Every structure is written in C-alpha cells, then in structure tokens.
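Remember, predicted model here, so these are calculated numbers, not experimental data. Every heavy atom of this structure was used, including side-chain atoms; hydrogens, water molecules and symmetry mates were not.
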Amino acid sequence: MKPSRDISGLIEVMAALRTPVTGCPWDLEQNFATIAPYTIEEAYEVAEAIAHGDLDDLKDELGDLLLQVVYHARMAEEQNAFAFGDVVEAVTRKMIRRHPHVFGDENGIVTSGHVAANWDRIKAEEKAERAARRPPEERVQTSLLSSVKAGLPALARALDLQRKASTVGFDWNDPRAVLNKIREEADEIEAALDAGDKAELAEETGDLLFAVVNLARHVDASPEMALRGANAKFEKRFAYIERALAAKGRSPEEATLEEMDALWDEAKRKR
C-alpha cells in the first residue's frame, strides 16, 4: 500500500489496521472511549503548531487530527452506525445550512455579527429538530447550558458556558467589572489560606480561574492562546536563568531564589 493524496487511501489504511487477525493488535483493542483522549491531544497539538507559526508542523498535526476522524468513523462503520462518507455529508450539509448568506438567497450587506447570530439560530433549530426525532419518553426539558459539551477541556468549557449564558443577558457589560470579580475571588482565596481550608482553597482557585476566563472573553482574547503565550514566555525566561547560571558553572539547584529572581528580572528587561 502506497501513500496517496486521496482520502480513500487513508480510509483503506485504517480498515487494514482494524481488520481482525491481520490488523494491528493495539488498534484492534481500541474503542471510542480509549481513542477520545488522543483526539483531544491532537487538537491541542494543532493549536500548538499554529501558535509557533510552524506550517510544516501544522501540516503533520492536521494529518494526525484527520486520522482521528477516520479512526472514529471506521469504528462506527464496524457497528453499522455510519461511515466516513456520512461524516463528510453531514458536515457539508451543516455548513451549507449555517451559511445562507453564501449558499442561500440572502441579499444585502452581511456582517460578522449577522453571521454569528444566524449560526446560533440555525444551531438551535437543528437541536430542536434532533430532539423532535427522539421518542417522547426520551424528550426532557434541558437547560440553556446543556448544549455545552461536557467532554470539553475545562478552559474551553468555561468559555462556552459563559458565552451561552451571555446570550440571555447574564453577563457583565464592562471588563472592569470582571476585573473587580477577579479581585473579589483573590480575596476569598486569601481568606481560605488564613483558614487553612484545602477544600475551600481548591474551590476558590477554580472560581478565580473561571473569572479570568471571563476577563479574556470580554477583552476578545482566547484564554487558551493567552495561556499558551504565557507558558512560552515562562519557558523562555527560565531558559535564560539556566543559561546565565551555566555560564557561571552553576545549575538552578545550586542557586538561591534571590539569584534566580534577579536573573528573571534581567530576562524580562531583555524581552
């Protein structure tokens, strides 16, 4: 079997890996639940390649993410649920439906705000249609927030929960109000520290993180990308500390905190 630019080649590779007896023992043991963590990991690696501006790496990581889609589709096909072609058809239909300003007969000037409003309205219609297809006994009253996927990483889910609540006006109108909330949560952490209450500390730390995500949303910053940037900045500055100490024939383990703090400040000045 030779590599191909045709998606059918990748589908054939996955079918071979999942073929009993002749396939790969590891791949044959997997199911939706065991593969899901890899799917999430690959999505993060795509984001990392974008953050680094590495297009060669992005190409590879997009391939890895595409493999995850093919993998799940193959397992579903084995259960006679759906195949890869059904996934492609479903998302194509969805994208056409959600962009009536491109594929429909809408006229006039369309702004990104109109597009976002249309997207949310059409998503709600699709959700209602899916609910209507369920048997009556399976139809339950759901919360506004129930459409936010439970399996999302906590940072992304916090952002989606806040966005969803904001659609009915449950939101702050000023980023400074969110900043005040952050200060309030920091004060509550300090009170928990004074009390020595570990459980309360964990809860209040979660509240602080949630509030910081809210601030990122209000200033139009992606909390995920902002944190990735902070991680990269920390790595760069800590590497400066290591290099500066190595130049003196020393290691971080041999340095004092005061020395490392001074070098950290140097790294900040050098940016």
May I ask you to decide if [Y]'s main-chain N or O and [X]'s side chain share a donor-acceptor pair within less than 3.5 Å?
X      : Y      : value
Thr92  : Val88  : yes
Glu188 : Leu208 : no
Arg18  : Asp27  : yes
Asp265 : Ala262 : no
Gln68  : Leu65  : no
His218 : Val178 : no
Tyr71  : Thr39  : no
Glu190 : Ala186 : no

Nearest atoms (heavy-atom pairs only) where [X] meets [Y]:
X      : Y      : answer
Leu145 : Ala165 : CD2-N, 4.1 Å
Glu42  : Asp64  : OE1-CB, 3.3 Å
Ala73  : Val87  : CB-CG2, 4.4 Å
Glu254 : Gly249 : OE1-O, 4.2 Å
Pro153 : Ile40  : CG-CG2, 4.3 Å
Leu28  : Pro20  : CD2-N, 3.9 Å

I need the [X] [atom1] to [Y] [atom2] distance, nearest 0.5 Å.
X      : Y      : atom1 : atom2 : result
Ile182 : Asp187 : CD1   : CG    : 12.0 Å
Arg74  : Glu12  : CZ    : CD    : 11.0 Å
Asp171 : Asn214 : CG    : CG    : 6.0 Å
Ile241 : Ser251 : CD1   : OG    : 12.5 Å
Glu203 : Ile189 : CD    : CD1   : 11.0 Å
Trp264 : Tyr240 : CH2   : OH    : 12.5 Å

Under a 4.5 Å cut-off applied to non-hydrogen side-chain atoms, are [X] and [Y] in contact?
X      : Y      : answer
Thr167 : Leu144 : yes
Tyr44  : Arg228 : yes
Lys94  : Arg97  : no
Leu159 : Arg217 : yes

### Message
Could you check whether atom OH of Tyr38 has more than 12 heavy atoms from other residues, nucleotides or ligands sitting under 6.0 Å from it?
### Response
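Atom OH in Tyr38 is not packed in, count stays at 12 or less.
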
### Query
CG of Asn173: more than 12 outside heavy atoms within 6.0 angstrom?
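Counting other residues, nucleotides and ligands, CG of Asn173 stays at 12 neighbours or fewer.
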
hydrophobic_cluster_shared for [Y] and [X], side chain cutoff 4.5 Å:
X      : Y      : value
Leu215 : Leu209 : no
Leu227 : Val212 : no
Leu67  : Ile35  : yes
Met14  : Ile7   : yes
Leu263 : Leu257 : no

Using a distance-only test with no angle check, is there a side-chain donor-acceptor pair under 3.5 angstrom linking [X] and [Y]?
X      : Y      : result
Arg183 : Asn180 : yes
Asp6   : Ser8   : yes
Glu224 : Ser222 : no

### Message
Using the ring-ring contact (aromatic ring centres under 6.0 Å, His included) criterion, which residues pair with Phe32? Sequence neighbours excluded.
### Response
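With sequence neighbours excluded, Phe32 shows a ring-ring contact (aromatic ring centres under 6.0 Å, His included) to His72, given in chain and number order.
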
### Message
If the condition is ring-ring contact (aromatic ring centres under 6.0 Å, His included), which residues does His52 pass it with, not counting sequence neighbours?
### Response
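With sequence neighbours excluded, His52 shows a ring-ring contact (aromatic ring centres under 6.0 Å, His included) to no residue whatsoever.
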
### Query
Step by step, would you call Asp160 with Arg163 a salt bridge (charged side-chain N to carboxylate O under 4.0 Å, His left out)?
CA-CA 5 Å; Asp160 280 0; Arg163 282 174 174 161; 3.6 Å; yes

### Message
Suppose we screen for salt bridge (Lys or Arg N to Asp or Glu O under 4.0 Å). Which residues come up paired with Glu48, at least two apart in sequence or across chains?
### Response
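Result, salt bridge (Lys or Arg N to Asp or Glu O under 4.0 Å) vs Glu48: none returned.
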
### Message
Consider side-chain contact (heavy atoms from CB on, under 4.5 Å). Of Asp54, Leu58, Asp60, which one does Asp56 pass it with?
### Response
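The side-chain contact (heavy atoms from CB on, under 4.5 Å) with Asp56 is passed solely by Asp54 among Asp54, Leu58, Asp60.
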
### Query
Angle class for the Phe103/His99 ring planes (parallel below 30°, perpendicular above 60°, tilted otherwise)?
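Aromatic pair Phe103/His99 classed perpendicular.
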
